[in-house]
Amino acid sequence: MAGQNVLTPQSEDFPKWYQDVVAKAEMADNGPVRGTMVIRPYGYSIWERMQAEIDARIKRAGAQNAYFPLFIPQSYLSREAEHVEGFSPELAVVTHAGGEELAEPVVVRPTSETVIGEFMAKWIQSYRDLPLLLNQWANVVRWELRPRLFLRSSEFLWQEGHTAHATAADASAYAMKIHVEVYNDFLERVLAVPTYLGIKPPSERFAGATNTMTCEGMMRDGKALQMATSHELGQNFATAFEIYYQNEEGQAALCFTTSWGSSTRLVGGLIMAHGDDDGLVLPPHVAPIQAVVLAVRDDDEVNAACQSLSDALEAADVRVTRDHGRGSFGRRVTDWEIKGVPLRIEVGPRDLAQGLVTVVRRDTREKLTVAITDVAATVAALLETVQSDMFAAARRFRDENTHDVATLDEAVEAVQNGFARLAWDRVGAEGEARLKSEAVTVRCLQRRDGSIPADESEPDLVAIVAKSY
RNA sequence: CGGGAAGUAGCGCAGCUUGGUUAGCGCGCCUGGUUUGGGACCAGGAGGCCGCGGGUUCGAAUCCCGCCUUCCCGACCA
């Protein structure tokens with residue numbers, strides 16, 4: 001068996017590799033209904049770590065968690081013309097319940113702007129109630145025609161933030177704050193995924209938004225994945241749901257709202273941003289298990305050493321597990337590699353006789369010999385090194401595969417292997433159609449310095465274009 | 001939703017063309033033993049509505065029709 005591929009190599013068939021990893025790392029299974037997903041414990045523990053990190057940042061930004069219903073009156077969706085048009089094709093609608101046909105069908109939420117808008121209108125009376133900053137963790141349903149585990153499932157888990165503000169400037173600033181301080185900070189510091197931040201061109205905007213911001217990540221096959229998104233909704237939903245407040249002069253004024261979301265799609269992005277031919281590669285900050293203490297053989301002396309090592313690591317706040325299992329050493333090594341555990345600590349009689357253990361990095365495969373008394377301190381520090389090295393490696397990969405081009409033809413050529421960057425005024429509406437015919441889209445628009453523009457009419461913007469998930 | 005491919009044990013597959021008795025193989029799983037520094041070995045064993053429904057037939061995994069599911073490409077998509 002030695003030397004045989006456990007997974008389909010990325011270079012041979014990337015989508016097959018992805019499915020192999022999801023299955024063999026025990027992340028998820030397909031559900032019985034097309035497009036549905038069963039998230040297995042290992043996959044869910046990664047999602048839980050993501051939730052904890054994102055939730056803490058959302059709260060730091062001042063928003064509070066709440067919960068709104070799964071079922072939404074169909075009429076709510078219709079109140080905002082673009083919104084209903086955008087979502088109609090992917091709605092799941094309940095027409096029968098309690099053994100009878102319903103007088104008004106209810107939709108299973110595809111997103112919650114409408115219900116939340118209804119209650120914002122009820123709760124907001126005065127300028128003193130603003131800004132109203134809400135978030136919810138929930139499941140949503142969008143009937144997908146071409147589902148893929150984590151990346152696009154008909155039901156998925158996410159967080160959706162919804163805020164109301166007195167002024168356009170305040171709403172805009174808050175959406176930007178979330179985008180940078182919650183999403184991008186999380187992506188870079190926890191998932192170690194570098195992003196291109198920017199705004200979507202009008203053609204790619206959220207249904208009902210006046211502006212959509214995105215965090216675009218590059219996967220190992222050079223394709224783009226939108227990893228989080230934030231919207232300025234202007235007064236579109238405030239108008240539709242009559243979200244008014246009384247200003248300091250006692251006059252009624254219409255709110256400005258925002259919404260922003262990130263989903264279990266992030267798990268798919270994590271897999272594809274860092275994974276290699278041996279499986280997952282998890283950054284330590286998001287890894288449910290940061291280090292595994294692996295007994296080379298199952299005997300009392302080795303096991304005792306493993307136990308005291310894992311106790312010491314736990315005391316140093318390392319998320320550690322012990323593998324003194326049966327079965328061959330090689331088999332167990334491979335299994336932990338597939339699961340992407342950042343550090344493997346191998347404990348065997350030869351090393352032990354000299355008071356040493358072998359520490360192996362998953363990201364670089366580098367092997368280090370460490371005195372057993374130094375392991376706790378070494379591992380804690382090494383996890384931080386792995387984290388920052390993974391981010392640096394991902395950024396290098398992204399930069400090497402982002403090509404500056406001057407024409408649409410060159411862009412189409414360049415995106416066969418990564419992203420292309422070109423002047424936005426070289427694209428335009430006709431350019432987008434031309435790109436679309438090649439299965440290429442404008443992922444985002446940026447200023448020359450990489451910062452996020454206010455809108456697409458700013459002069460001298462650049463377009464990041466790519467094939468995408 | 002359109003085009004293509006495929007559904008046989010947990011996973012990967014053979015068998016189907018040319019219908020015929022107990023449907024096979026590899027991996028995995030269980031038991032016992034030997035092992036364990038990169039997917040170990042020996043022996044024994046469990047596990048199958050052959051995707052679902054209907055039809056043809058004395059007889060269907062095999063032929064015909066419908067449906068469901070999965071994968072690839074496209075369209076669609078915060």
Side-chain angles (χ1 to χ4, degrees), chain A residues 1-8 13-16 18-20 23-24 26 29-36 82-83 85-91 109-113 140 142-149 151-154 156 158-162 175 199-200 203-209 211-215 226-233 258-263 265 278-279 294-299 302-303 323-338 344-353 356-358 360 365 367 369 436-439 441 467-469:
Chain A
M1 281 310 273
Q4 282 234 320
N5 289 321
V6 181
L7 308 169
T8 305
D13 185 341
F14 197 86
K16 185 77 165 62
Y18 177 81
Q19 289 162 32
D20 285 354
K24 297 243 164 97
E26 302 179 333
D29 263 329
N30 283 307
V33 172
R34 179 183 169 77
T36 60
E82 280 184 33
H83 194 64
E85 191 187 334
F87 279 105
S88 288
E90 32 185 356
L91 289 182
R109 64 177 162 224
T111 179
S112 303
E113 274 76 5
V140 283
R142 296 178 187 180
W143 218 251
E144 291 293 349
L145 300 175
R146 194 179 166 188
R148 299 154 166 266
L149 288 173
L151 299 173
R152 190 183 290 111
S153 47
S154 287
F156 58 91
W158 77 343
Q159 86 23 243
E160 52 178 320
H162 297 270
I199 62 171
K200 288 288 184 186
S203 59
E204 301 275 330
R205 230 177 244 157
F206 175 67
N211 184 32
T212 290
M213 289 180 277
T214 179
C215 301
Q226 174 174 296
M227 302 192 73
T229 175
S230 312
H231 316 289
E232 294 172 40
L233 304 172
T258 79
S259 68
W260 25 278
S262 61
S263 72
R265 168 180 278 193
D278 293 327
L294 197 63
V296 164
R297 59 172 59 201
D298 190 12
D299 72 34
V302 170
N303 283 334
D323 179 353
H324 57 286
R326 307 162 205 295
S328 74
F329 175 74
R331 173 51 188 263
R332 290 181 287 137
V333 165
T334 310
D335 285 345
W336 290 114
E337 280 178 340
I338 291 173
R344 190 168 74 240
I345 300 160
E346 301 177 355
V347 182
R350 287 211 302 267
D351 283 349
L352 216 48
L356 303 172
V357 297
T358 303
V360 189
R365 299 157 206 266
K367 295 191 178 186
T369 302
K436 194 175 174 181
S437 71
E438 304 282 347
T441 50
K467 294 188 175 186
S468 69
Y469 281 96

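Quick caveat, the model's predicted, so the values are computed rather than measured. The chains referred to below are lettered A, B, ... by the order of the sequence lines, with proteins before strands, and numbering in each begins at 1.
- Here A/Thr358 lies in heavy-atom contact (under 4.0 Å) with a base.
- Among the atoms of the strands shown, none is found under 4.0 Å from any heavy atom of A/Gly261.
- With sequence neighbours left out, A/His83 forms a ring-ring contact (aromatic ring centres under 6.0 Å, His included) with A/Phe87, A/Phe206, A/Phe237.
- Across all strands shown, B/U17 forms no Watson-Crick or G-U wobble pair with both key distances under 3.5 Å.
- Residues meeting the salt bridge (charged side-chain N to carboxylate O under 4.0 Å, His left out) test with A/Lys436, sequence neighbours left out: none.
- Every salt bridge (charged side-chain N to carboxylate O under 4.0 Å, His left out) that A/Glu346 has, sequence neighbours left out, goes to A/Arg344.
- Straight-line distance from the CD atom of A/Glu337 to the P atom of B/G38: 12 Å, rounded to whole Å.
- Remark: A/Ser263 pairs with A/Phe156, A/Trp158, A/Arg265 by the side-chain contact (heavy atoms from CB on, under 4.5 Å) rule, at least two apart or across chains.
- Taking atom C1' in both B/A5 and B/A43, one finds a spacing of 42 Å when rounded to whole Å.
- With sequence neighbours excluded, no residue forms a side-chain hydrogen bond (donor to acceptor under 3.5 Å, both in side chains) with A/Lys24.
- Among the atoms of the strands shown, none is found under 4.0 Å from any heavy atom of A/Arg265.
- Comparing B/A23 with B/U8, their C1' atoms are spaced 9 Å from each other, to the whole Å.
- The base-pairing partner of B/G2, taking Watson-Crick or G-U wobble contacts with both distances under 3.5 Å, is B/C73.
- Between the P atoms of B/C73 and B/G32, the separation comes to 47 Å (whole Å).
- Between the P atoms of B/C13 and B/C72, the separation comes to 14 Å (whole Å).
- Residue contacts shown for A/Phe156 include a base, since a base heavy atom lies under 4.0 Å away.
- The salt bridge (charged side-chain N to carboxylate O under 4.0 Å, His left out) search around A/Arg205 returns A/Glu456, not counting sequence neighbours.
- Not counting sequence neighbours, A/Glu85 has no partner by the side-chain contact (heavy atoms from CB on, under 4.5 Å) test.
- The same atom, P, is picked in B/G4 and in B/G10; the two are 31 Å apart, to the nearest Å.
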Tabulate atom names and distances for all N/O pairs under 3.5 angstrom spanning the protein and nucleotides 68-76 of chain B.
residue, atom, partner, partner atom, Å
B/U70, OP1, A/Gly35, N, 3.3
B/U70, OP2, A/Arg34, NH1, 2.8
B/C71, O3', A/Gln19, NE2, 3.0
B/C72, OP1, A/Gln19, NE2, 3.4
B/C73, OP2, A/Arg146, NH2, 2.1
B/C76, OP1, A/Lys436, NZ, 3.0
B/C76, OP2, A/Lys436, NZ, 3.3

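- Note: CH2 (A/Trp336) to P (B/G37) measures 18 Å, nearest angstrom.
- The separation of B/C67 from B/C25, taken at their C1' atoms, amounts to 31 Å, rounded to a whole angstrom.
- Remark: A/Asp323 engages A/Arg332 in a salt bridge (charged side-chain N to carboxylate O under 4.0 Å, His left out) (not counting sequence neighbours).
- What separates CG of A/Leu294 from P of B/G37 is a distance of 11 Å, to the nearest Å.
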Identify all pairs in which a protein N or O lies below 3.5 Å from an N or O of nucleotides 28-36 of chain B, and state each distance.
residue, atom, partner, partner atom, Å
B/U36, O2', A/Val296, O, 2.3
B/U36, O2, A/Gly327, O, 2.8

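- No donor-acceptor pair under 3.5 Å is formed between the side chain of A/Tyr469 and the backbone N or O of A/Arg152.
- With sequence neighbours excluded, the residues forming a side-chain contact (heavy atoms from CB on, under 4.5 Å) with A/Pro349 are A/Arg297, A/Val302, listed by chain and number.
- A side-chain donor from one of A/Thr358 and A/Asp351 sits under 3.5 Å from a side-chain acceptor of the other.
- When Watson-Crick and G-U wobble pairs are counted only if both distances are under 3.5 Å, B/C25 pairs with B/G12.
- The shortest distance between side-chain heavy atoms of A/Thr212 and A/Glu204 does not fall below 4.5 Å.
- When the C1' atom is compared between B/C50 and B/G24, the two are found 12 Å apart, to the nearest whole Å.
- In this structure, A/Asp323 places its CG atom 14 Å from C1' of B/G37, rounding to the nearest Å.
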Contact list (N/O, under 3.5 angstrom) for nucleotides 42-53 of chain B vs protein:
none

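- Shown here, B/C41 forms a base pair with B/G33; the pair counts as Watson-Crick or G-U wobble because both key distances fall under 3.5 Å.
- The partner of B/G7 is B/C68, judged by Watson-Crick or G-U wobble contacts that both fall below 3.5 Å.
- The separation of B/A14 from B/C30, taken at their P atoms, amounts to 27 Å, rounded to a whole angstrom.
- For the 3.5 Å distance criterion, the side chains of A/Ser262 and A/Gln159 qualify, holding a donor opposite an acceptor.
- A residue-by-residue look at A/Asp278 and A/Ser468 shows that A/Asp278 has its nearest nucleotide of RNA chain B further toward the 5' end.
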